[in-house]
Amino acid sequence: MDGNGRWAARRRRPRMIGHRAGARAVNVCIDFCLERGIQALTLFAFSSENWGRPAEEVGALMKLFLNALEREVVELERRGVRVRFVGERSRFSGPIQQRMQEAETRTAHNERLHLNVAASYGGRQDIAAAARSLAEDVAAGRLHPEQIDETAIGARIALADLPPPDLFIRTGGELRVSNFLLWQLAYTELWFTDTLWPDFDAATLQQALDDYAARERRYGLTAAQIVARQTPTDTKDAPSA
Ligand code: FPP
């Protein structure tokens with residue numbers, strides 16, 4: 001969700017005005033996913049590196065975060081959204097950690113939309129935590145090093161119970177992933193737009209989905225192999241009317 005600061009600067013307003021407008025764009029996105037049956041949405045709200053921003057901006061972002069949690073959770077629960085947070089939770093204040101926990105508990109039974117908020121999150125940190133957890137099991141004799149493969153690492157990475165993202169969207173014109181879901185994005189389609197996050201709306205999201213729908217995902221195979229996989233070779237596999 002990049003571009004809040006520039007959005008505000010273009011209006012000669014403080015950066016926080018951009019972040020507040022950014023929080024409204026989050027709601028637009030959630031509405032879109034609910035209407036269109038998109039089952040999982042992961043938002044990069046605050047990176048591990050964002051702690052290094054000026055204290056005033058970090059403090060104001062934390063306030064915005066806490067307010068959003070207090071304001072939105074009841075409605076999210078009502079609409080069938082399951083909220084989860086990924087990242088280093090212990091770095092947040094006690095009240096924010098408590099609200100995060102409450103939001104997760106309160107919405108844990110929902111399945112319509114998985115809304116994952118990456119907060120104090122870093123993809124490398126995520127992979128390192130998975131490696132540490134595997135190493136602990138090896139040291140304790142619960143796991144053999146030979147058992148460490150992609151499946152074992154994938155099972156200990158954030159959001160392991162969800163399929164990897166189909167589509168990654170970055171707003172604000174920068175062409176990089178910036179330490180977001182590094183493991184999970186291996187075969188994700190990437191989509192970039194110059195639109196600043198507060199201006200991100202349903203039309204732009206639709207444009208991203210249209211572009212995604214026109215792409216061919218080959219996962220390292222040839223185009224012919226992908227077509228063969230999708231075409232029933234035997235009539236018993238053919239869809240029935
Ligand atoms: C990046 O824009 C945005 C952030 C670091 C904060 C994102 C937060 C929100 C959208 C609002 C709160 C979200 C939730 C889930 C309640 P930037 O500041 O880097 O913009 P710039 O590159 O133009 O300076």
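Here the structure is a predicted model, which means the values were calculated and not measured. Order of listing sets the numbers, starting from 1, for every ligand and every atom in it. Just so you know, these numbers use all the heavy atoms, side chains as well, and skip hydrogens, waters and symmetry mates.
Residue contacts with ligand 1, taken as heavy atom pairs separated by less than 4.0 Å, do not involve L43 at all. Neither the backbone nor the side chain of L196 comes within 4.0 Å of ligand 1, counting heavy atoms alone. Only the side chain of R15 comes within contact range of ligand 1, with a heavy atom under 4.0 Å; no backbone atom does.
Residue R6 has at least one N or O atom closer than 3.5 Å to an N or O atom of ligand 1. Between G5 and ligand 1, at least one pair of N/O atoms sits closer than 3.5 Å.
The closest donor-acceptor contact from the side chain of Q125 to the backbone of N179 lies at 3.5 Å or more, if one exists at all. N4 places no side-chain N or O within donor-acceptor distance of the main-chain N or O of W197, the cut-off being under 3.5 Å.
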Q: Kindly indicate, with the supporting measurements, whether the criterion side-chain hydrogen bond (donor to acceptor under 3.5 Å, both in side chains) is fulfilled by Q147 and D137.
A: CA-CA 11 Å; Q147 291 173 290; D137 278 2; over 6 Å; no

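The aromatic rings of F92 and F65 sit tilted relative to each other, their planes meeting at an angle between 30° and 60°.
Scanning all protein heavy atoms for the shortest distance to atom 12 (C) of ligand 1 gives L64 CD2, 4.0 Å. The protein heavy atom nearest to atom 5 (C) of ligand 1 is N50 OD1, 3.5 Å. The single protein non-hydrogen atom nearest to atom 10 (C) of ligand 1 is N4 ND2, 3.5 Å, given as residue, atom name and distance. Nearest to atom 7 (C) of ligand 1 among the protein's heavy atoms is A45 O, 3.3 Å.
For the residue pair Q207/D211, the side-chain donor-acceptor check at 3.5 Å is not satisfied. Side-chain polar atoms of R91 and S120 form no donor-acceptor pair below 3.5 angstrom.
When each atom of ligand 1 is checked for a heavy atom of A68 under 4.0 Å away, the hits are 16 (C).
Between the choices M1, R53, R71, E72, the shortest heavy-atom distance to atom 17 (P) of ligand 1 belongs to R53.
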